[in-house]
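For reference, the structure discussed in these notes is given below.
Numbers here simply count residues along the sequence, with the first being 1. The figures that follow rest on heavy atoms only: side chains count, while hydrogens, waters and symmetry mates do not.
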Amino acid sequence: MRNKRIISFESDYTEGACEQILRKMLETNMEQLSGYGTDTYCEQAKKKIKAACECPDAEVFLLVGGTQTNAIVISSMLSQYEGVVAAKSGHINVHEAGAIEYTGHKVMEIDETEGKINADDLDSYMRKFYNDENHEHMVFPGMVYISYPTEYGTLYSKEELKSISEVCKKYNLPLYIDGARLGYGLMSKQSDITLPELATLCDVFYIGGTKVGALMGEAVVFTKNNTPLHFTTCIKQHSGLLAKGRILGIQFDTLFTDNLYFEISSHAIEMAEKIKKAFIDKNYELYIDSPTNQQFIILDKDKYDYLRNKVKFSFWEKLPDDRIVVRFATSWATKEEDVEELISIL
């Protein structure tokens with residue numbers, strides 16, 4: 001007798017890819033296409049992404065994964081004496097195994113609230129650096145990294161992004177937005193910013209595919225005619241250039257056809273909202289009130305042990321009182337019947 005499948009809300013990349021992508025991959029499988037992103041599907045994908053961003057002069061590059069993308073973008077934009085400013089909880093500072101430092105660049109921590117940095121704090125950080133008479137002996141802040149959504153599923157408002165962007169301009173710092181879960185941020189009911197608006201407020205960002213319907217892949221968008229010299233060479237040096245670039249091109253071409261990227265992102269938000277309401281209705285405590293696809297719940301030890309035998313989720317952190325913060329994540333692939341089963345388990 002087969003064991004019953006345990007439903008999973010561990011992350012937003014436990015499944016393969018949305019059916020539209022798989023069908024397109026099969027349809028085009030025997031086509032003979034040039035490599036390294038020079039095929040027709042990569043070109044179509046780039047055109048569609050630029051159109052979606054309303055940024056016709058942007059340059060778009062398709063890379064294999066988020067960690068490679070962050071390391072390549074950051075290291076290629078920084079001088080050898082510079083580091084990147086990020087929130088203490090920022091992905092590059094906590095969950096990328098020192099990938100940025102491995103390129104020879106320091107991640108420079110700044111205080112944050114629920115994953116978000118504040119423009120005034122950033123300005124204060126920069127003033128303090130340049131007012132230090134010994135700053136020539138220190139790592140120079142060379143760019144600012146934020147993510148949308150943040151590690152805690154929170155969102156910057158349009159005004160917050162504008163303020164951060166202004167500080168970056170004041171100190172001539174490129175603003176880089178990690179969009180690994182960008183679709184889930186933009187389609188949140190609390191989001192007040194569009195993709196074109198986000199593109200105008202930063203110097204470079206990426207559109208996540210790995211977590212939003214693709215087998216793998218991220219689309220980097222340089223928005224200010226500011227692509228680093230020989231960027232394709234930089235990608236290859238850091239093992240981010242896929243010989244069969246068609247695999248990325250076909251996926252992003254599909255995701256940006258008929259609004260698919262945004263529709264599947266909306267589904268994840270709908271499922272997350274349903275889960276959050278169920279937790280609240282059953283008197284569970286939220287760690288952070290996330291408006292996106294990641295929901296953070298506080299559990300005591302007994303409830304933690306009970307739930308982990310019935311459903312998969314992610315450990316996040318342990319609180320001083322020994323209670324445990326866990327994460328439930330929805331995605332483009334989350335089934336409503338699995339959400340209903342989770343609610344019955346609660």
Side chain Asn225, main chain Ala58, donor-acceptor under 3.5 Å
no
What one should report as the nearest heavy-atom pair of Ser191 and Gly185 is CB-O, 3.2 Å
Notebook entry, point to check: Would you say the side-chain atoms of Asn293 pair up with the backbone N or O of Thr330, donor to acceptor, closer than 3.5 Å?
Noted result: yes
| said: Between Glu19 and Arg23, does any NZ, NE, NH1 or NH2 come within less than 4.0 Å of an OD or OE carboxylate oxygen? | reply: yes
| request: Show your reasoning for whether side-chain contact (heavy atoms from CB on, under 4.5 Å) applies to Met143 and Leu78. | output: CA-CA 7 Å; Met143 69 187 301; Leu78 292 177; 3.7 Å; yes
Does Cys18 reach the side chain of Leu260, with side-chain heavy atoms less than 4.5 Å apart? yes
*asked:* Under a 3.5 Å threshold, yes or no: a donor from one side chain and an acceptor from the other, between Glu114 and Thr150?
replied: no
* Counting only heavy atoms not in Gln80, do more than 12 sit closer than 6.0 Å to its CD atom? -> no
Looking only at heavy atoms, the pair that brings Ala45 and Asp253 closest together is CB-N, 3.5 Å
> Have Tyr145 and Asn93 got a donor and an acceptor in their side chains that come within less than 3.5 Å?
Replying inline: no
Apply side-chain contact (heavy atoms from CB on, under 4.5 Å) to residues Val325 and Ile297 and explain how you reach the verdict. CA-CA 6 Å; Val325 180; Ile297 315 298; over 6 Å; no
For the residue pair Tyr176 and Phe205, is the inter-centroid distance of their aromatic rings smaller than 6.0 Å? no
#### Entry: Residues Lys106, Glu101: salt bridge by 4.0 Å N-O rule
no
Paired with Arg327, the side-chain hydrogen bond (donor to acceptor under 3.5 Å, both in side chains) test is passed by just one of Glu10, Glu317, Gln294, Glu151, namely Gln294
> More than 12 heavy atoms of other residues, nucleotides or ligands under 6.0 Å from CG of Asp321: is that the case?
Replying inline: yes
Check the orientation of Tyr261 and Phe256. Use parallel for under 30°, tilted for 30 to 60°, and perpendicular for over 60°. parallel
Besides Tyr102, the hydrophobic cluster formed by Ile, Leu, Val, Met, Phe, Trp and Tyr side chains linked at under 4.5 Å, directly or via other members, contains none
- Item | NE2 (His230) with more than 12 external heavy atoms under 6.0 Å | no
Residues at least two apart in sequence or cross-chain that pass ring pair (Phe, Tyr, Trp, His ring centres under 6.0 Å) with Tyr304, listed by chain then number, are Phe313
If you count heavy atoms of other groups shown closer than 6.0 angstrom to OH of Tyr81, is the number above 12?
no
Next on the checklist: Here's one to test your reading of the geometry: is the NZ or CZ of Lys276 within 45 degrees of the ring axis of Phe296 and under 6.0 Å from its centre?
Outcome noted: no
With a 4.0 Å cut-off on N to O distance, would you call Arg323 and Glu285 a salt bridge?
yes
Review point. Is the backbone of Tyr184 close enough, under 3.5 Å, to the side chain of Lys211 for a donor and an acceptor to pair up by distance?
Key: no
Original post:
Do you reckon Val139 sits in the same ILVMFWY cluster as Ile92, going by side-chain contacts under 4.5 Å, direct or chained?
Top reply: no
| query | So, Thr194 versus Glu197: side-chain donor-acceptor pair below 3.5 Å or not? | reply | yes
Give the C-alpha distance, both sets of side-chain angles, the deciding distance and a yes or no for side-chain hydrogen bond (donor to acceptor under 3.5 Å, both in side chains) between Asp123 and Tyr171. CA-CA 9 Å; Asp123 188 64; Tyr171 294 99; 3.0 Å; yes
Open item on the list: Can you tell me if Tyr36 has over 12 outside heavy atoms packed within less than 6.0 Å of its OH?
Closed with: no
(Q) Using a strict threshold of under 4.0 Å (side-chain N to carboxylate O), is an ion pair present between Lys128 and Asp132? (A) no
Within-4.5 Å side-chain heavy-atom neighbours: Ile6 and Lys310
no
The salt bridge (charged side-chain N to carboxylate O under 4.0 Å, His left out) partners of Asp178 (sequence neighbours excluded) come to none
Spell out, as yes or no, whether a donor-acceptor pair under 3.5 Å connects the side chain of Asp300 to the backbone of Lys303. yes
Would Phe231 and Phe61 count as a close aromatic pair, with their ring centres under 6.0 Å? yes
In short, Ser331 meets Glu15 closest at the heavy-atom pair OG-OE1, 3.9 Å
>> Check this for me, if you would: do Lys46 and Glu59 make a salt bridge, where the nitrogen-to-carboxylate-oxygen distance has to be below 4.0 angstrom?
In response: no
Do side-chain atoms of Tyr41 reach the backbone of Thr28 as a donor and acceptor pair under 3.5 angstrom? no
### Heavy-atom donor-acceptor pair, Ser163 side chain to Glu159 backbone, under 3.5 Å
yes
### Query
So do Ile324 and Leu319 actually touch side chain to side chain, heavy atoms under 4.5 Å?
no
May I ask you to decide if Cys202's main-chain N or O and Thr223's side chain share a donor-acceptor pair within less than 3.5 Å? yes
Note to self: Salt bridge check, Lys274 against Glu340: does any charged N sit closer than 4.0 Å to a carboxylate O?
What the structure shows: yes
task = Verify the ring-centre separation between Phe328 and Phe279: is it less than 6.0 angstrom?
result = yes
Check: What about Phe252 and Ile247, same hydrophobic cluster or not, with Ile/Leu/Val/Met/Phe/Trp/Tyr joined at side-chain heavy-atom distances under 4.5 Å?
Finding: yes
Correct closest heavy-atom pair for Gly153 and Pro291 would be O-CD, 3.2 Å
| message | Within a 6.0 Å radius of atom CG on Asn172, are there more than 12 heavy atoms belonging to other residues, nucleotides or ligands? | response | no
**Prompt:** Would you say the side-chain atoms of Asn309 pair up with the backbone N or O of Asp305, donor to acceptor, closer than 3.5 Å?
**Reply:** yes
Short side-chain to backbone donor-acceptor contact, Ser165 and Leu161, under 3.5 Å: no
Margin query: What I want to check is whether the side chains of Glu112 and Ser89 have a donor and an acceptor closer together than 3.5 Å.
Written below: yes
### Query
How about Lys301 and Asp322: do any of their side-chain heavy atoms sit closer than 4.5 Å?
no
### Task
Say whether, by atom type as modelled, one donor and one acceptor occur between the side chain of Tyr156 and the main chain of Ile117 under 3.5 angstrom.
yes
Please check if any side-chain donor atom of Lys48 sits under 3.5 Å from a side-chain acceptor atom of Thr257, or the reverse.
yes
